[in-house]
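Structure, as structure tokens:
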Amino acid sequence: MSTIETALPIVQGLLGLLMVGAGSVKIIGIDFAKKDFERYDYPEWFRFVTGGIELIGGLGLLVGIVFAPILAVIGGLLIAATMIGAILTHLFRVDDPLWRSVGPTIYFIAGLFVTSYLVLSF
């Protein structure tokens, strides 16, 4: 088993858990998530959409570890697309300092890593 084959399920599982957690926080409406979306000047419904995409993407990554790798591919694409939006929001919409984009950038790269490896292994 190669290093990538060992790292893939670990990265996939951690990213899946992080996204399930992040999406749940947005959907439930934890105070800091609400305040962030208010600061971004996005409507409240967008918090639910974003949280739903993160939750579905995270679940796809987690289920894809064991059952259906295609779900992990879809989950990884959802996460990557959502993280592009997060990066652009931090950099341009609210003019946050650069360090606020580091997390979404790492999640974006991890989502692309999982997706690209799984697509190439079909």
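All values below were derived from every heavy atom in this structure, side-chain atoms included, with hydrogens, water molecules and symmetry-related copies excluded.
Scanning all heavy atoms of the two residues, the minimum distance from His90 to Ser101 falls at CB-OG, 3.4 Å. The two residues Pro104 and Ile87 have their closest heavy-atom pair at CB-CG1, 3.7 Å. Residues Val11 and Ala110 come closest through the heavy atom pair CG1-CB, 4.0 Å.
At least one side-chain heavy atom of Arg93 sits less than 4.5 Å from a side-chain heavy atom of Asp41. Proximity of Met19 to Leu78: side-chain heavy atoms (C-beta onward) are nowhere separated by under 4.5 Å. Contact check for Val25 versus Phe32: side-chain heavy atoms found under the 4.5 Å cut-off. Residues Phe113 and Leu8 meet the side-chain proximity criterion, which asks for heavy atoms closer than 4.5 Å. Contact check for Arg39 versus Asp96: side-chain heavy atoms found under the 4.5 Å cut-off.
Between the side chains of Tyr42 and Thr89, at least one donor-acceptor pair of N or O atoms lies under 3.5 Å.
Between the Thr115 side chain and the Leu112 main chain, no donor and acceptor come within less than 3.5 Å of each other.
Crowding of Tyr117 atom OH: a count of heavy atoms from other residues, nucleotides or ligands under 6.0 Å exceeding 12. Residue-environment remark: CD1 (Ile84) exceeds the threshold of 12 foreign heavy atoms within 6.0 Å.
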Sequence neighbours excluded and cut-off under 3.5 Å, please list the side-chain donor-acceptor pairs for residues 60-75, or say none.
none

Can you give each donor-acceptor pair under 3.5 Å made by side-chain atoms of residues 47-54, sequence neighbours left out, with the distance rounded to 0.1 Å?
| from | atom 1 | to | atom 2 | distance (Å) |
| --- | --- | --- | --- | --- |
| Arg47 | NH1 | Lys26 | O | 2.5 |
| Arg47 | NH2 | Glu44 | OE2 | 2.9 |
| Thr50 | OG1 | Phe46 | O | 2.8 |
| Glu54 | OE1 | Gly23 | N | 3.4 |
| Glu54 | OE1 | Lys26 | NZ | 2.9 |
| Glu54 | OE2 | Lys26 | NZ | 3.4 |

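If you chain together hydrophobic residues whose side chains sit under 4.5 Å apart, Phe122 and Val114 fall into the same group. Linking ILVMFWY residues whenever their side-chain heavy atoms come closer than 4.5 Å, directly or via other members, leaves Leu55 and Ile30 in distinct clusters.
Gln12 CD to Ile10 CD1: the interatomic distance, rounded to the nearest 0.5 Å, is 11.0 Å. Note that CG of Asp95 and CG of Leu98 are 11.0 Å apart. Values are rounded to the nearest 0.5 Å. A distance of 11.5 Å separates CD1 in Ile28 from NZ in Lys34, rounded to the nearest 0.5 Å. Rounding to the nearest 0.5 Å gives a distance of 9.5 Å between CG of Leu77 and OG of Ser116.
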